Amino acid sequence: MHSTPLASPSATAHTPYSINVILMTLHATELARDIVEAGLRAAARCPGLCFTVAYGGQDADHGAWLQSSIDQAVEGGAEARLIRDVGILTRLRSAFDASKTWLLFVADDDPFSLNYLTGLARRSLEAGPEVATIAPTYYLGVAGNQTLLRRVEPMQGANAVERLTHFLANGSQQGIFYYALQRSVLVDTWLAYIETRPYTPSYLDQLLATWCTCHGNRMVVDEASVQLRDESGWVGFAACVRSDAKFYPLPAMTLFHELFWSADISRLLRHHPDFDALLPLLRKWMDARLTALVTHFDQRREVLQLPPDDEHKLMLHAVATTLRWVKGISAGPSFGAGLASLEGLAREVESAFLERLPAATTTQVAA
């Protein structure tokens, strides 16, 4: 993989938009159907906007409804596709369209305002090559008994360090930018990376948002547009731990969540031309993540109802030793050179867990 410039061929006069909207869906709910219908209406109104349904469910009636709805939309002149595959990565790769300049993920349980898709589409025509992300005006998060309205601000920076510094300073918004309009060339690099992973951990959305932030600025839709995010499953420490565990082949791997995350962000950012300049910021970020791993290890184990395990303790000791080097407490190589050791430790811990799985086991994570 290599870093790809943001500039791409402009859309023709006949197709002013160049967007692939991907709905990753497993469900056959009324809300999921409403979102499909909204996407197909947007495709009919916006030439060049393709609405792609990537369905991994097994409901025959819903599958037939999807096919019929898309066939009718195509007959009416809309650009739409239906992808079927139970494997999340296979489905995602099949749904990806490199010929489109922009890509937008939507979820089948997160409604949005009527002008959400068309507002993003119109804004895309104003984006210069320095723009990597286009976001709606507001995100409305439902978190337990609370409803949080987040206004999204434009973000500009002279370089990757400035942009990433701003991005990482606002932890509450990092994940939501997975559901923003992203440059397809950047999504392609991220997708090529995650296809090398043996499973799909919960932080892959934040990896994409981080990657795109490193490559360009963020625009925001001028008119008020809203996406609602159901965050009720991520409220509080225990809920987050249980949610993270659903994405791992073995629940005990969640004990080392931040180690795997640190290694993945290091491997992905190595493909950025300004990787060396990002190292001080990356060191600060990893310090916070690995400190959280060590600090909350026993609490996380109790949430998952895992018994004490001597091998887990040895792994934790190795992380604690690595953390001392990250903090600069113990002597060792430069941070940039030593990252290979951190990545190697993550790979060893991951392999120790995966070796416990039956040879025929495959992991499917809900989209």
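This structure is a prediction, so every number in the text was calculated from the model and none was measured. What you see below is based on every heavy atom in this structure, not just the backbone, and it leaves out hydrogens, waters and symmetry mates.
- Relative orientation of the Phe260 and Tyr199 rings is perpendicular, given thresholds of 30° and 60° on the angle between their planes.
- A salt bridge links Glu311 to Arg356: one of the charged nitrogens lies within less than 4.0 Å of a carboxylate oxygen.
- Both the sub-6.0 Å distance and the 45° axial angle are satisfied by Arg218 relative to the ring of Phe177.
- At most 12 non-hydrogen atoms from other residues, nucleotides or ligands lie less than 6.0 angstrom from CZ of Arg45.
- Using a 4.5 Å cut-off on side-chain heavy atoms (C-beta onward), Ile194 and Leu268 make no contact.
- The shortest side-chain heavy-atom distance between Ile176 and Tyr178 does not fall under the 4.5 Å cut-off.
- A salt bridge links Asp188 with Arg93: at least one charged nitrogen is closer than 4.0 Å to a carboxylate oxygen.
- Looking at Ser262 and Arg289, their side chains never bring a donor and an acceptor atom within 3.5 Å of each other.
- Side chains of Tyr193 and Asp264: a donor-acceptor N/O pair is present below 3.5 angstrom, by distance only.
- Looking only at atom types and distance, the side chain of Ser202 has a donor-acceptor partner in the side chain of Asp244 under 3.5 Å away.
- Here the side chains of Leu208 and Leu186 are not in contact, with every heavy-atom distance at 4.5 Å or above.
- Open room surrounds CG on Leu114; 12 or fewer heavy atoms of other groups in view lie less than 6.0 Å from it.
- At a threshold of 4.5 Å between non-hydrogen side-chain atoms, the residues Glu153 and Arg151 count as touching.
- Using modelled atom types and a 3.5 Å distance limit, the side chains of His257 and Tyr248 yield a donor-acceptor pair.
- Between Arg301 and Leu306 the shortest side-chain heavy-atom distance falls below 4.5 Å.
- Judged as a side-chain contact (heavy atoms from CB on, under 4.5 Å), and not counting sequence neighbours, the contacts of Thr147 are Leu140.
- Residues Asp108 and Leu23 meet the side-chain proximity criterion, which asks for heavy atoms closer than 4.5 Å.
- For CD of Glu195, the number of neighbouring non-hydrogen atoms (other residues, nucleotides, ligands) closer than 6.0 Å is greater than 12.
- Centroid-to-centroid, the aromatic rings of Tyr17 and Trp102 stay 6.0 Å apart or farther.
- In terms of heavy-atom proximity, Trp325 sits nearest to Leu339 at CH2-N, 3.6 Å.
- At least one side-chain heavy atom of Leu104 sits under 4.5 Å from a side-chain heavy atom of Leu117.
- In this pair, Tyr203 and Trp261 present their aromatic rings parallel. The plane angle is below 30°, not in the 30 to 60° band.
- Remark: Arg122 does not engage Asp222 in a salt bridge, criterion side-chain N to carboxylate O under 4.0 Å.
- The pair Arg300-Glu258 counts as a salt bridge, with a side-chain nitrogen and a carboxylate oxygen less than 4.0 angstrom apart.
- Within the model, atoms OG1 of Thr291 and CG of Leu293 stand 9.5 Å from one another, a figure rounded to the nearest 0.5 Å.
- With Trp285 as the aromatic partner, Arg283 does not meet the cation-pi criteria of under 6.0 angstrom to the ring centre and within 45 degrees of the ring axis.
- Relative ring orientation between His272 and Trp211 is described as perpendicular, the plane-to-plane angle rising above 60° on a 0-90° scale split at 30° and 60°.
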Hey, can you pull the donor-acceptor pairs under 3.5 Å for the side chains in residues 33-40, sequence neighbours left out?
none

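- Side-chain atoms of Tyr55 and Arg84 form no donor-acceptor pair, as typed in the model, at a separation below 3.5 Å.
- Atom CD of Glu126 has more than 12 neighbouring heavy atoms from other residues, nucleotides or ligands inside a 6.0 Å radius.
- Counting only heavy atoms from C-beta outward, the side chains of Thr254 and Leu304 approach each other to under 4.5 Å.
- Linking Ile, Leu, Val, Met, Phe, Trp and Tyr residues whenever their side-chain heavy atoms come within less than 4.5 Å places Ile265 and Phe335 in a single cluster.
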